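Worksheet for the structure shown next.
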Amino acid sequence: MAHVAKVVVVDDEPLAREGLRALLAGDREVEVVAECADGQAAIEAIRRLKPDIVFLDVQMPDLDGFDVLRALAGEPLPAVVFVTAYDKYALRAFDVHAVDYLLKPFHDERFAEALAIAKARRGEDMTERIARLLDERKPKVMRVLVKTGGRVLFIRADEIDWIEAADYYVKLHVAGKVHMLRESMAALEARLDPELFFRVHRSAIVNLERVRELQPFSQGEQYSSCSVSGPSP
């Protein structure tokens, strides 16, 4: 009799966990040994139960899916199927490193394919592939150094609301203040995390967490402008 694969399901949404559990219930070769609603619980379950397969949600508060795997660095890793709502461009990293994923919303057929691949990879050392993926997903810049008035400020990239081109400088708009940085837009954009910052115009880069609304053209699919707000108090 074939070894029954132990599966851990990780997702902060109860309905998502219920859906995965229902799909897994149809396969006698797998057994769900734990369901986790957050990253810390996932780390503990994976260490304690040593599952063969983990269905791991990428976007979760506090500790996301990548944080979970970073916490397990150096330990044997199971076959991981990422469950994500990433767009097709962000998904290239998974393809490059031959790590499987389910793009929400997914069909039963796609789930069955991912599960079959995961079962086939039981016992395979995924550590190197996951390590390369995690290295690629590291933010490209955490702080921006700005010289002003004889002082040097270290501005966290995620605190920047938006960035404006200004000749040979860029203006960093941060919590109602403007800081001048002698760097080109192209050079700064290459250092920023593309999942957090988006260039909406040749002279503007916005922090996606600060976007409050988009204003579309009358009947078209394109957008004429976006409204950017500061961080919530």
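Just so we're clear, the structure is a prediction, and the values are computed from it rather than from any experiment.
Comment: Arg110 engages Asp100 in a salt bridge, judged by a side-chain N to carboxylate O separation of less than 4.0 angstrom.
Legend: residues meeting side chain to side chain contact (heavy atoms under 4.5 Å, CB included) with Ala187, ordered by chain and number and at least two apart, are Glu183, Ser184. When the side chain to side chain donor-acceptor pair (under 3.5 Å) test is applied to Glu128, the partners found at least two apart in sequence or on another chain are Arg132. Qualifying side chain to side chain contact (heavy atoms under 4.5 Å, CB included) partners for Ala118, counting only residues two or more places apart in sequence or in other chains: Ile53, Ala79, Val81. Residues satisfying the side chain to side chain contact (heavy atoms under 4.5 Å, CB included) test with Ala37, not counting sequence neighbours, are Arg17. With sequence neighbours excluded, the residues that form a side chain to side chain donor-acceptor pair (under 3.5 Å) with Lys119 are Asp27, Glu29. For Asp38, the side chain to side chain contact (heavy atoms under 4.5 Å, CB included) partners two or more places apart in sequence, or in a different chain, are Gln40, Ala41. Under the salt bridge (charged side-chain N to carboxylate O under 4.0 Å, His left out) criterion, Asp12 pairs with no residue, sequence neighbours left out. Residues passing the side chain to side chain donor-acceptor pair (under 3.5 Å) test with Asp52, sequence neighbours excluded: His3. In terms of the side chain to side chain donor-acceptor pair (under 3.5 Å) criterion, residue partners of Glu75 (sequence neighbours excluded) are, by chain and number, Arg47.
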Side chains of residues 55-63: which donor-acceptor partners sit under 3.5 Å, not counting sequence neighbours?
| residue | atom | partner | partner atom | Å |
| --- | --- | --- | --- | --- |
| Asp57 | OD1 | Lys104 | NZ | 3.4 |

Contacts table for residues 164-177: side-chain donor-acceptor under 3.5 angstrom, sequence neighbours left out:
| residue | atom | partner | partner atom | Å |
| --- | --- | --- | --- | --- |
| Glu164 | OE1 | His173 | NE2 | 2.9 |
| Tyr169 | OH | Arg182 | NH1 | 3.4 |

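Grouping Ile, Leu, Val, Met, Phe, Trp and Tyr by side-chain contacts under 4.5 Å, direct or through others, puts Val152 with Leu145, Phe154.
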